[in-house]
Amino acid sequence: MNVTAVIPTINEEGTIGTVIDGLKQAVNGIEIIVVDTDSTDRTKEIAAARGAIVINEGRKGYGRAYKTGLEHATGDLIVCMDGDNTYPTDIVRPLLDIIQMDSVDFISCDRMTLRTQHNYTSLHYIGNSVLNFTMRLLFKINLNDSQSGMWIFYREFYRKMGNLSYGMSFSEDIKIDAVRIGKLIEVPIKYGIRISKPKLKTWNDGFRNLFHLFIKRIQD
């Protein structure tokens with residue numbers, strides 16, 4: 001099967017080359033789409049030089065970037081991950097094997113199980129735990145890492161999904177829909193240490209994601 005990787009970026013010049021190179025080493029012939037949201041550094045140039053398809057998305061939103069990238073993806077299987085080199089590329093090949101052999105529709109990578117104080121702070125752990133609990137309470141979905149940003153899924157499976165958020169809550173929405181319409185499994189990964197400036201605004205985005213879960217429950 002053909003594979004496409006979709007990577008949203010903003011100012012990731014220090015890491016995007018490593019991510020692209022890692023994906024190419026992991027999967028021969030992989031299509032890599034970098035959706036850049038107005039970087040002011042050399043992210044786009046580095047990505048293009050490494051052979052990625054670069055799409056500039058001027059509209060704001062984490063989910064917006066992913067939706068734009070997924071509209072252009074041609075692979076049967078999709079790999080989604082950040083461009084900051086915190087998610088491991090060497091596990092992509094095994095994950096692709098798992099999703100095909102085990103009749104799984106969606107794999108979400110779990111950062112919580114193997115976390116350390118160096119790569120995942122106590123504040124983020126507590127916040128994620130609150131969001132995990134809320135998702136369990138409202139949707140009866142039990143995940144170790146409801147906020148993970150690395151996923152593997154079938155492109156046709158994604159097309160069956162409904163109203164996904166344009167913001168950071170896209171990560172919650174896609175997992176909720178995956179459980180509702182198919183089979184999702186979590187696979188523990190070793191989350192890397194971030195070297196670029198974080199894009200997540202811990203308190204603001206955390207409360208927005210929490211509020212979004214309640215709104216989604218009401219709308220259902």
Side-chain angles (χ1 to χ4, degrees), residues 3-17 19-20 23 30-75 77-87 106 108-109 124 127 131 146-178 194 196-220:
V3 180
T4 297
V6 179
I7 309 170
T9 59
I10 180 168
N11 295 333
E12 309 286 5
E13 66 177 5
T15 54
I16 189 60
V19 174
I20 292 172
L23 286 168
I30 188 172
E31 175 184 62
I32 301 175
I33 298 177
V34 170
V35 184
D36 190 79
T37 52
D38 291 337
S39 288
T40 56
D41 62 6
R42 297 181 58 249
T43 298
K44 289 180 284 190
E45 290 81 1
I46 293 171
R50 290 296 210 283
I53 299 168
V54 179
I55 301 171
N56 192 70
E57 176 53 86
R59 294 169 294 180
K60 294 182 179 180
Y62 176 76
R64 171 79 72 179
Y66 265 124
K67 289 183 179 185
T68 297
L70 289 165
E71 286 173 1
H72 291 82
T74 63
L77 282 163
I78 306 294
V79 179
C80 291
M81 63 195 307
D82 293 343
D84 59 9
N85 202 31
T86 52
Y87 290 101
F106 192 105
S108 184
C109 294
H124 286 127
L131 290 164
S146 64
Q147 307 303 305
S148 169
M150 182 176 180
W151 328 300
I152 313 284
F153 53 87
Y154 289 96
R155 181 162 57 99
E156 289 303 314
F157 183 67
Y158 168 76
R159 288 180 172 177
K160 298 176 183 177
M161 293 184 178
N163 186 26
L164 304 180
S165 169
Y166 286 101
M168 290 301 297
S169 301
F170 180 88
S171 180
E172 300 172 337
D173 283 351
I174 199 170
K175 297 180 186 75
I176 292 171
D177 268 24
R194 185 186 301 275
S196 59
K197 184 178 179 181
K199 312 306 182 299
L200 179 72
K201 298 176 182 178
T202 302
W203 290 104
N204 287 343
D205 288 326
F207 279 115
R208 284 196 187 101
N209 285 359
L210 181 63
F211 183 69
H212 178 79
L213 288 173
F214 285 96
I215 296 298
K216 188 176 183 69
R217 176 71 274 178
I218 293 170
Q219 290 176 340
D220 286 349

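The first residue of the sequence shown is numbered 1, and numbering continues consecutively from there.
- In terms of heavy-atom proximity, R208 sits nearest to S169 at O-OG, 4.2 Å.
- Every residue two or more places apart in sequence or in another chain that forms a ring-ring contact (aromatic ring centres under 6.0 Å, His included) with Y87 is listed here: Y191.
- Put simply, SG on C80 and CD1 on I152 are 8.0 Å apart, with the number rounded to the nearest 0.5 Å.
- Taking CG of L23 as the reference point, atom CZ of R50 lies at 12.0 Å (rounded to 0.5 Å).
- A pairwise comparison of heavy atoms in A5 and I30 identifies CB-CD1, 3.9 Å as the closest pair.
- For the ring-ring contact (aromatic ring centres under 6.0 Å, His included) test, no residue two or more places apart in sequence or in another chain qualifies with Y154.
- Between K216 and S165, every side-chain heavy-atom pair lies at or beyond the 4.5 Å cut-off.
- Within the 3.5 Å criterion, the main-chain N or O of C109 finds a donor-acceptor partner in the side chain of S148.
- Only one option out of T15, I16, D82 pairs with T9 in a side-chain contact (heavy atoms from CB on, under 4.5 Å); it is I16.
- Proximity of a side-chain donor or acceptor of T37 to a complementary backbone N or O of G58 within less than 3.5 Å is not detected.
- Residues A47 and I20 approach most closely at CA-CD1, 3.6 Å, considering heavy atoms.
- L213 is listed as a side-chain neighbour of I176, based on a closest heavy-atom distance under 4.5 Å.
- Rounding to the nearest 0.5 angstrom, the gap separating the CD1 atom in I174 from the CZ atom in F106 is 4.5 Å.
- A distance-only check finds no donor-acceptor pair linking the side chain of S171 to the backbone of G149 [under 3.5 Å].
- Annotation: the span from T68 atom OG1 to N56 atom CG amounts to 10.0 Å, rounded to 0.5 Å.
- Relative orientation of the F170 and Y66 rings is parallel, given thresholds of 30° and 60° on the angle between their planes.
- The minimum heavy-atom distance linking V6 with G69 is given by the pair CG1-CA, 3.9 Å.
- For the atom pair H72 NE2 and T4 OG1, the distance stands at 12.0 Å (nearest 0.5 Å).
- In this structure, CG in L70 is found 9.5 Å from CG in L164, a value given to the nearest 0.5 Å.
- Counting only residues at least two apart or on different chains, no salt bridge (Lys or Arg N to Asp or Glu O under 4.0 Å) pair has a member in residues 33-44.
- Across every non-hydrogen atom of T74 and R155, the tightest pair is O-NH2, 3.2 Å.
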